[in-house]
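The block underneath contains the structure these notes are about, expressed in structure tokens.
To find a chain, count down the sequence lines: A is the first, B the second, and so on, and within it residues start at 1.
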Amino acid sequence: MSMIEVNNVSMRFNMAKEKHESLKEYFLAAVQGKLQFEEFYALRDVSLKVEKGEFYGLIGLNGSGKSTLLKVIAGVYKPSAGSVTVNGSIAPLIELGAGFDMDLTARENIYLNGTVLGLTPKYIDSKFDEIVEFSELRDFLDVPLKNYSSGMVSRIAFSIATITKPDILIADEILSVGDFMFQEKCEKRMAELMSGGTTVILVSHSIEQIERMCDRVTWLEKGRVRMTGDTKTVCDAYKALDQEAAT
Amino acid sequence: MRMLKAYCQDFWRFRFLLQNLIGRDFKLKYRRSVLGVVWSVLNPLLMCLVMVAVFSSILDMRGSGIDNFPVYLIIGQLLFNFFNEATSTAMSSMLSAAPLIKKVYIPKYIFPLERVCFALVNCLFSFIALVLVMLVTGAKLHATAILAVYPLATLFIFSLGIGLMLAAATVFFRDIMHLWGVFTTALMYFSAVFYDPMTMGGTSAELLRSFIGYNPMYWYIKGFRMTVLYGQVLDFNTIWVCALCAVIALVLGLIVFRSQQDKFVLHI
């Protein structure tokens with residue numbers, strides 16, 4: 001059984017030409033027949049399968065639909081067409097620190113964010129030291145998050161998000177956070193999770209990182225799958241595009 | 001049935017999130033204020049003082065025969081404030097949860113629910129003010145006061161239903177936020193907060209008496225007063241009106257919210 005099955009998913013956004021955010025405007029426009037929407041497909045007929053224990057990469061240029069696809073898989077968006085089946089628990093690292101409240105301290109945020117990810121307070125209690133240890137921010141635990149640097153925030157966020165043993169880890173550009181020491185630590189943690197049977201989907205613009213870590217890669221272009229296959233084939237083709245564009 | 005079960009499981013999984021969100025709101029509300037949670041008591045107390053002063057001296061409404069006007073008034077105030085706070089904060093709940101629901105999957109109804117729960121917590125704290133006013137005015141504590149749980153609980157469900165509807169509507173039309181404030185102010189004047197429509201004299205009183213029964217808030221406040229202030233058991237009419245309004249509001253709220261919730265992410 002595959003961990004994630006994406007079947008012919010399309011994601012349509014209505015880009016209202018003028019945004020109607022008030023009733024009056026809306027009704028006026030509706031009456032005059034001016035309610036125009038420009039349909040925009042962020043994803044079109046995308047299918048892919050991720051097997052258990054795989055390290056799966058998504059590549060593509062900006063605006064090719066990578067993040068949208070991740071959000072569809074994570075359940076944030078409901079696809080306009082097609083279906084997504086996910087077998088297992090997901091730890092979404094789509095944007096680190098979702099649900100952080102900048103006015104609360106790091107300690108309070110660990111609990112808040114942990115429960116956002118569906119953990120129980122008891123579980124967080126038992127892992128609290130581990131989280132703090134990993135983030136190396138023990139001295140700043142009782143400082144409101146607004147006084148943190150963005151690197152520090154992402155350290156905390158990464159530590160919380162990877163404290164469980166999720167079945168699936170969805171990571172969007174997260175390894176670009178922090179200094180190189182912490183990046184190495186993050187990669188090590190992800191490798192640890194992988195050896196425990198976690199499936200990872202990674203989006204990165206660093207093709208070098210994808211080549212190093214992924215087993216299989218899908219290349220998205222303008223919301224469609226351009227190519228799916230083993231890392232080397234797809235990455236080589238993707239890099240060829242680069243040269244094409246350069247010449 | 002299966003859907004209901006899935007809903008319950010969802011809720012059970014996220015109950016700690018609900019708890020934590022309420023905790024967060026609580027901390028943020030009182031952070032940096034010297035008196036902190038005391039304000040939840042002091043605020044209604046001061047408001048009550050102002051209104052008692054206004055209505056018993058400047059606009060003489062006490063002549064209309066209300067025993068223990070301060071208690072009568074503060075009950076109306078507290079319940080109406082609960083409704084007002086619950087609905088208007090629930091209304092903006094989806095908008096302020098935007099950063100969260102754009103990134104992680106969370107059952108969306110948790111946000112309006114959290115706001116209504118938080119309003120209830122506040123309301124429970126401010127019941128201390130009610131107790132204080134009762135002590136000062138020497139009001140009797142009736143055994144029937146325990147029955148006040150019923151109007152409060154049904155009011156909670158009623159507010160949740162309205163809150164869900166408003167939250168869903170506000171995502172698409174922000175105007176509602178501005179309109180709702182006006183509406184609740186108008187509603188307040190027709191909820192018998194500081195007058196008793198049954199004993200009120202004057203030409204318009206007859207008209208008011210015939211219409212006020214259509215206002216759910218009137219029934220919740222009335223039920224609460226019956227049990228706490230007058231030591232009466234709830235009558236049949238109050239019981240079914242309170243329940244019916246709550247159920248209708250909740251069912252409508254859930255239907256509206258559910259049918260729209262998948263579109264929220266695209267509009268906030």
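- Crowding of B/Met47 atom CE: a count of heavy atoms from other residues, nucleotides or ligands under 6.0 Å not exceeding 12.
- Proximity to chain A is limited to the backbone of B/Ile101, based on heavy atoms less than 4.5 angstrom apart.
- Taking B/Leu18, B/Ile106, B/Leu179, B/Asp262 one by one and counting their heavy-atom pairs under 4.5 Å with chain A, the maximum is reached by B/Asp262.
- Rounded to the nearest 0.5 Å, atoms CG (B/Leu28) and CG (A/Leu104) are 5.0 Å apart.
- B/Leu21 pairs with exactly one of A/Thr115, A/Val116, A/Leu112 by the side chain to side chain contact (heavy atoms under 4.5 Å, CB included) rule, that one being A/Leu112.
- Atom NZ of A/Lys78 sits in a sparse spot, with 12 or fewer heavy atoms from other residues, nucleotides or ligands closer than 6.0 Å.
- For A/Tyr77, the part sitting under 4.5 Å from any heavy atom of chain B is the side chain, from C-beta outward, and nothing else.
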Next on the checklist: salt bridge (charged side-chain N to carboxylate O under 4.0 Å, His left out), that's the test. Do B/Lys27 and A/Glu108 meet it? Break it down for me.
Outcome noted: CA-CA 10 Å; B/Lys27 277 177 206 149; A/Glu108 289 160 340; 3.6 Å; yes
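- Between A/Gly75 and B/Tyr105 the shortest heavy-atom distance is O-CD1, 3.5 Å.
- Using a 4.5 Å cut-off between heavy atoms, B/Phe14 touches chain A through its side chain atoms alone.
- To the nearest 0.5 Å, atoms CG (A/Leu70) and NZ (B/Lys103) are separated by 14.5 Å.
- Distance CG/A/Asp101 to CG/B/Asn20: 11.5 Å, rounded to 0.5 Å.
- The environment of A/Phe128 atom CZ is dense: over 12 non-hydrogen atoms of other residues, nucleotides or ligands sit within 6.0 angstrom.
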Checklist entry - Should A/Asn109 and B/Arg24 be marked as a side chain to side chain contact (heavy atoms under 4.5 Å, CB included) after you check the CA-CA gap, both sets of side-chain angles, and the distance that decides it? => result CA-CA 9 Å; A/Asn109 266 306; B/Arg24 175 196 68 175; over 6 Å; no
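- At least one donor-acceptor pair under 3.5 Å links the side chain of A/Lys71 to the backbone N or O of B/Lys102.
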